[in-house]
Participant: 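Quick one: this structure, given as structure tokens, is what I'll be asking you about.
Just follow the structure's listing: the first ligand is 1, and inside any ligand the first atom is 1.
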Amino acid sequence: MSKTWSVDEHLEDILRSIRPLEPIELNLLDAQGCVLVEDVIVPAALPPFDNSSMDGYAVRIADVEGASEEFPAVLGVIGDIAAGSAGLPTVSSGQAARIMTGAPLPPGAEAVVPVEWTDGGTGSGPADAMRAHSSAPQDASGQVRVHRSVVPQQHVRAKGSDVRPGTVALRAGTVLGPAQVGLLAAIGRGAVTVRPRPRVVVLSTGSELVAPGEPLGPGQIHDANSFVLTAAARAAGAIPYRVGAVADDADTLRSTVEDQLIRADLLVTSGGVSVGAYDVVKEALSRVEAFGADEDGEQTDGASDAVEFRRLAMQPGKPQGFGLIGPDRTPILTLPGNPVSAYVSFELFVRPAVRALMGQEPVRRPTVSARLAGESELTSPEGKRQFLRGVYTPPAEDEETGSVSPVGGSGSHLIAALAQADALIDIPEKTSRVAPGREVTVVPLD
Ligand code: AMP
Ligand code: MG
């Protein structure tokens, strides 16, 4: 009897063989969700110039000193400055320029008086004109009465107050979320160097499988796995390619896998890995002949190409396979066929592999402790690590731990219960009973 592997041993073996993908330059939106591999330096100050944070009047401090409702400062309005204005008027003593949010502070001005602190100006149309944000320069000649004083730079966003040139905007290792993409755009970066999303090819095996949308013949079932695994691969950050179901024929499977290698950074199969008569994945992939071997059957890089099939001390998901195949030594994970087993196996092994290819840390999902809800005791097979499906309720405000309720049973064909679950309950090998109220380890899912 060959050895039985633990979940952690199998995962460590997979991760040992997986290197992060080579970085490439991607346009900002294509880089979303990827890990940056360069320190991005700010090329120029942001904001690039002093600008107004309010709609109002750009003024000189001395001109509005001591201004009040009773004794307003009366200033001559010399023009309008909209966001995007280029030729700026100079504000001299006794003058003001009407200014819009984001517009450059004109020379001579030292602060902005918000329109609410003025009478809105006269001779240049009603104060409504301010809100209209007309960018066309208007004849703004007229006067404005200012009711309050301001201090230097008040209501002004100083040049460089957001980021200074030469500083690091984002460090290598940062995962680019929406806010990071926004910062890169703001400092003018259109493309960045990141680790790309891995291309994950998903294929299911089974002569009984029919694509959803097609009618079922006798003995047939719909192919759920290639869909759940493709969706899970996308959710994990990969670019998935769903090949669909391949019949239980070793040559067909082998040639399909060979054809797919060209576009795969990682291959995932489901089904055909137990000890049944038609366990085609095992038959097709455990042969030692190399994928991509040359004409004499010599391996191109001298490495063994066989996929290793294992028994894991786990439920569901006992039969698992892993290997590196083809000229690029592409990792392949062969998952069991029951849909719940396939999905749990994806969570435990494929998702970490995808994250490792992307350079994402940590590769494993975070876990939490939760009390087992309900009245019934949980039982778990001795010597096997069990992953039950559950619904997790986070702690209430006055509590430290949340709770988790198992859904469905341990049957690995129970896909409806899987669809209700939002967490896995991780029961260690040594544990065979868990009483209600006891704490268990929970892996919240997306
Ligand atoms: P296997 O490991 O191929 O023997 O499959 C184990 C069980 O899972 C069998 O009942 C299969 O019919 C079922 N199964 C295998 N592949 C799929 C699939 N893609 N979608 C739904 N059920 C499947
Ligand atoms: Mg099968």
Participant: If you have a sec, work out which protein heavy atom is nearest atom 17 (C) of ligand 1 and how many Å separate them, to one decimal?
Facilitator: N225 ND2, 3.2 Å

Participant: With atoms numbered from 1 as shown, which atoms in ligand 1 lie under 4.0 angstrom from a non-hydrogen atom of H222?
Facilitator: 20 (N), 21 (C)

Participant: Assess R199 against Y241: is NZ or CZ under 6.0 Å from the centre of the six-membered ring, and within 45 degrees of the ring's axis?
Facilitator: no

Participant: Say whether A224, considering both its backbone and side-chain N or O atoms, lies within less than 3.5 Å of an N or O atom on ligand 1.
Facilitator: yes

Participant: Checking E429 against S6: is there a side-chain donor and acceptor pair closer than 3.5 Å?
Facilitator: no

Participant: Between ligand 1 and N338, is the shortest N or O to N or O distance under 3.5 Å?
Facilitator: yes

Participant: For the residue pair R242 and F227, would you count it as a cation-pi contact if the rule is NZ or CZ under 6.0 angstrom from the ring centre and within 45 degrees of the ring axis?
Facilitator: yes

Participant: Checking P381 now: which residues fulfil side-chain contact (heavy atoms from CB on, under 4.5 Å) with it, not counting sequence neighbours?
Facilitator: Q315, K384, Q386

Participant: For atom 22 (N) of ligand 1, what's the nearest protein heavy-atom neighbour? Residue, atom name and distance, please.
Facilitator: I221 CD1, 3.4 Å

Participant: Between OG1 of T393 and CZ of R371, what distance do you get to the nearest 0.5 Å?
Facilitator: 9.0 Å

Participant: Quick one: OG1 on T193 to CD on E22, what's the gap to the nearest 0.5 Å?
Facilitator: 12.0 Å

Participant: Would H413 count as a contact residue for ligand 1, given that I'm defining contact as a non-hydrogen atom of the residue lying under 4.0 Å from a ligand atom?
Facilitator: no

Participant: Does any N or O of ligand 1 fall below 3.5 Å from an N or O anywhere on G272, backbone included?
Facilitator: yes

Participant: Does P339 come within less than 4.0 angstrom of ligand 1, counting non-hydrogen atoms of the residue?
Facilitator: yes

Participant: Side chains of T441 and D426: is there a donor and an acceptor less than 3.5 Å apart?
Facilitator: no

Participant: Considering only the protein, which heavy-atom contact is closest to atom 9 (C) of ligand 1, and what is its distance?
Facilitator: E208 OE2, 4.3 Å

Participant: Under 3.5 Å between any N/O of G337 and any N/O of ligand 1: does that happen in this structure?
Facilitator: yes

Participant: Identify, for atom 19 (N) of ligand 1, the protein heavy atom at the shortest distance, and state residue, atom and that distance.
Facilitator: D223 OD1, 2.8 Å

Participant: Looking at residues at least two apart in the chain, or sitting in another chain, which of them share a ring-ring contact (aromatic ring centres under 6.0 Å, His included) with F346?
Facilitator: none

